[in-house]
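Just below is one structure, and these are the notes that go with it.
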Amino acid sequence: GEWEQFKIHSSSEASGPTPQLVRSLPEIISSLLLTVAGKLSIESAHFPGIFLRLDGTGLSPAHKPPNGGGVVNCQQGASEWEKFRLVQLEGNVTTIESVQFPGVYIRMDGSSVKSHQLNGGGVVNAQVGAQAWEKFKLHPSGEGKVTIESAQFPGVFLRMDGRNVPRGGNGGGVVNCQWGAGEWEQFKIHGIGK
């Protein structure tokens with residue numbers, strides 16, 4: 001509900017002396033993990049009301065395809081398949097784990113993304129366990145927004161095209177990669193209390 005949603009602000013947004021409550025992004029993520037048991041939704045800042053969705057059906061430790069699997073796309077609103085846990089690792093490195101499919105993580109293959117591409121490129125899907133391609137760096141970008149950069153492929157960011165996404169069902173739109181971060185690579189992270 002609206003009482004369980006949070007907005008992340010970077011310290012550059014504060015005016016005057018920096019308040020004690022404005023902290024680094026890793027501290028904010030740690031705080032959210034403790035506050036809301038780690039359940040978060042990731043909303044497109046460019047397409048309000050459109051959220052990151054992961055369908056990990058068929059993925060398990062016994063079925064772990066080398067190139068990932070499942071479906072990562074968009075959904076109007078945030079329900080069970082749009083809930084994630086951010087697990088902070090060393091420094092600013094984070095994994096994004098599905099709540100609906102425990103042990104299944106967002107995976108980004110940005111190996112083919114070497115420059116800006118009009119419709120993005122690369123592959124974003126899911127994987128059992130978190131190795132190099134399932135690790136990200138979150139960067140505050142102002143006004144409560146963050147960008148999500150691949151730790152394995154520096155300069156490659158999560159991209160969401162949330163046009164024409166149906167409500168319910170199997171979601172839609174496109175989630176892939178982009179070289180650099182523009183409007184479609186900006187996200188808002190919301191804490192979920194339940």
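- Glu43 is linked by a side-chain hydrogen bond (donor to acceptor under 3.5 Å, both in side chains) to His190, counting only residues two or more places apart in sequence or in another chain.
- In this structure, Glu134 has no side-chain hydrogen bond (donor to acceptor under 3.5 Å, both in side chains) partners at least two apart in sequence or on a different chain.
- The line from OG1 of Thr94 to CZ of Arg85 is 15.0 Å long, rounded to the nearest 0.5 Å.
- Counting all heavy atoms, side chain and backbone alike, Gly173 lies closest to Asn73 at O-CB, 4.4 Å.
- Atom-to-atom distance recorded for Ser98:OG and Phe84:CZ is 6.0 Å, nearest 0.5 angstrom.
- Placement of Val99 and Val128 in two distinct hydrophobic clusters is found when ILVMFWY residues are connected by side-chain heavy-atom separations under 4.5 Å, directly or transitively.
- Across all non-hydrogen atoms, the minimal contact from Cys74 to Val175 is SG-CG2, 3.9 Å.
- Contact check for Thr95 versus Leu86: no side-chain heavy atoms found under the 4.5 Å cut-off.
- Shortest non-hydrogen contact noted between Ala126 and Leu54 is CB-CD1, 3.9 Å.
- For Asp55, the side-chain contact (heavy atoms from CB on, under 4.5 Å) partners two or more places apart in sequence, or in a different chain, are Arg53, Thr57, Val71, Trp81, Phe101.
- Closest heavy-atom contact between Pro166 and Gly171: CG-O, 3.8 Å.
- Between Met160 and Phe187, some side-chain heavy-atom pair lies under the 4.5 Å cut-off.
- In this structure, CD1 on Ile50 lies 4.5 Å from CD on Gln76, to the nearest 0.5 angstrom.
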Test side chain to side chain donor-acceptor pair (under 3.5 Å) applied to Ser141 and Gln186, step by step:
CA-CA 8 Å; Ser141 58; Gln186 306 281 330; 2.5 Å; yes

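- Looking at residues two or more places apart in sequence or on another chain, you find a side-chain contact (heavy atoms from CB on, under 4.5 Å) between Glu80 and Lys83, Gln100.
- Interatomic distance, CG of Leu158 versus CG of Leu52, reported as 6.0 Å (0.5 Å rounding).
- In terms of hydrophobic clustering, with Ile, Leu, Val, Met, Phe, Trp and Tyr side chains grouped at heavy-atom distances under 4.5 Å, Phe51 and Val165 are assigned to different clusters.
- Counting heavy atoms from C-beta outward, Ile96 and Ile42 have side chains that approach closer than 4.5 Å.
- Take Ser79 and apply the side-chain contact (heavy atoms from CB on, under 4.5 Å) test, not counting sequence neighbours, and it matches Glu82.
- Annotation: ring pair (Phe, Tyr, Trp, His ring centres under 6.0 Å) contacts involving residues 145-186, sequence neighbours excluded, comprise His46-Trp184, Phe47-Trp184, Trp133-Phe153.
- Taking each heavy atom of Val124 and Cys177 in turn, the nearest pair found is CG2-SG, 3.9 Å.
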Using distance only, find each side-chain donor-acceptor pair of residues 102-109 under 3.5 Å and give its atom names and separation, not counting sequence neighbours.
residue: Arg107; atom: NH1; partner: Asn67; partner atom: O; Å: 3.0
residue: Arg107; atom: NH1; partner: Asn125; partner atom: OD1; Å: 3.1
residue: Asp109; atom: OD1; partner: Ser111; partner atom: N; Å: 3.0
residue: Asp109; atom: OD1; partner: Ser111; partner atom: OG; Å: 2.7

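- Remark: Gln117 engages Val113, Gln178 in a side-chain contact (heavy atoms from CB on, under 4.5 Å) (not counting sequence neighbours).
- Applying the salt bridge (charged side-chain N to carboxylate O under 4.0 Å, His left out) rule to pairs touching residues 164-180 yields nothing, sequence neighbours excluded.
- Contact detail for Gln127 and Pro66: the closest heavy-atom pair is NE2-O, 4.0 Å.
- The side chain to side chain donor-acceptor pair (under 3.5 Å) pairs that include a residue from residues 149-162 are His139-Glu149, Arg159-Asn176, Asp161-Arg163, where partners are two or more places apart or lie in different chains.
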